[in-house]
Amino acid sequence: MKKFTKIICLLAALCICLTCAACGNAKTESGTPSSADSGKKLVMGTNAAFPPYEFVDDNNNIVGIDAEIAKAVADKLGMELEIKDMEFDSLITAVKSGSIDIALAGMTVNDERKESVDFSDTYATGVQVVIVPENSSIKTIDDLEGKKIGVQAGTTGDNYCTSDYGQDHVKQFTNGALAVAALANGQVDCVVIDNEPAKNFVKANKGLKILETEYANEDYAAAIAKDNKDLQEKFNKALKELKDEGKIAEIIEKYIPSEQ
Ligand code: ARG
């Protein structure tokens, strides 16, 4: 009897071991390790609620200017592109930690970010604008003082408004669409955000408009880890070729048709 119990115990232990091993395997397969060791993969992080730079289409794919530029660069480099959607304010940390190779997210180049990451050459420009209800008393930037301003957390719009008007006047949202929804509901008096997404959000929400006065002009680029000079060089080389071939202009024109 005793012997029998022993055998059962041994068998049970073996089963547990085998199951664990199986779990372990499954994990390494699905939890993609750092792209660096897969060699051929370019892992891009973004925040896909920022049309026309990145958004989720009807087929649940992440599309937009940044997604297409990254794909074109990856093609040139003979790499496979993988896109990870995350919070905008996690992107820099993700680049630093190596969980993504690049962040392409309509990301503005600025000195503060340059302390943490490197930037590629720029591929587009952006303007911080102010969205208000059509009947708003806010007519120009000068009227923002004392108002409740909605922003996407961790963006340059957030930084400018927090330093210009104080934390108490700025309400942070996880994405621009939520900030604009809060504006439509009257929870904030205006939203400061990049001009092209602003146009998209205003189109999607009745009764809103964009002020003509601009808050700030900016350049967009890809963020790359400081110790990844090799990728930075390759990325810039591919980007330059794509610019020279007219491919970047073509992608931008596809999503932001120039008015005739
Ligand atoms: N250009 C702004 C910044 O760099 C906003 C970018 C937001 N991008 C996004 N994919 N949500 O801070």
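Nothing fancy with the numbering, it's 1 onward along the sequence. First listed ligand is number 1; within each ligand, the first listed atom is number 1.
Using a non-hydrogen distance threshold of 4.0 Å, Phe88 registers as a contact of ligand 1.
For Tyr220 and Tyr53, the ring centers are positioned less than 6.0 Å apart.
At a heavy-atom cutoff of 4.0 Å, ligand 1 is contacted by no atom of Met86, backbone or side chain.
Scanning the protein for heavy atoms near atom 8 (N) of ligand 1, the closest one is Ala105 O, 2.7 Å. With respect to atom 6 (C) of ligand 1, the closest heavy atom belonging to the protein is Gly106 O, 3.3 Å. With respect to atom 11 (N) of ligand 1, the closest heavy atom belonging to the protein is Asn47 OD1, 2.9 Å.
For ligand 1 and Tyr220, the ligand atoms under 4.0 Å from any heavy atom of the residue are 1 (N). Within ligand 1, the atoms closer than 4.0 Å to a non-hydrogen atom of Gln152 are 7 (C), 11 (N), numbered from 1 in the order shown.
Under 4.0 Å is where a charged nitrogen must lie from a carboxylate oxygen, and between Glu196 and Lys199 at least one such pair does.
Asn110 and Glu218 are not linked by any side-chain donor-acceptor pair at a separation below 3.5 angstrom, with hydrogens and angles left out of the test. Using a 3.5 Å distance cut-off with no hydrogens or angles, the side chains of Thr174 and Glu87 do not pair a donor with an acceptor. There is a side-chain donor-acceptor pair under 3.5 Å between Tyr215 and Asp164.
Atom NZ of Lys243 has more than 12 heavy atoms from other residues, nucleotides or ligands within 6.0 Å.
Comparing Asn195, Asp194, Asn175, Val127 by heavy-atom distance to atom 2 (C) of ligand 1, the nearest is Asp194.
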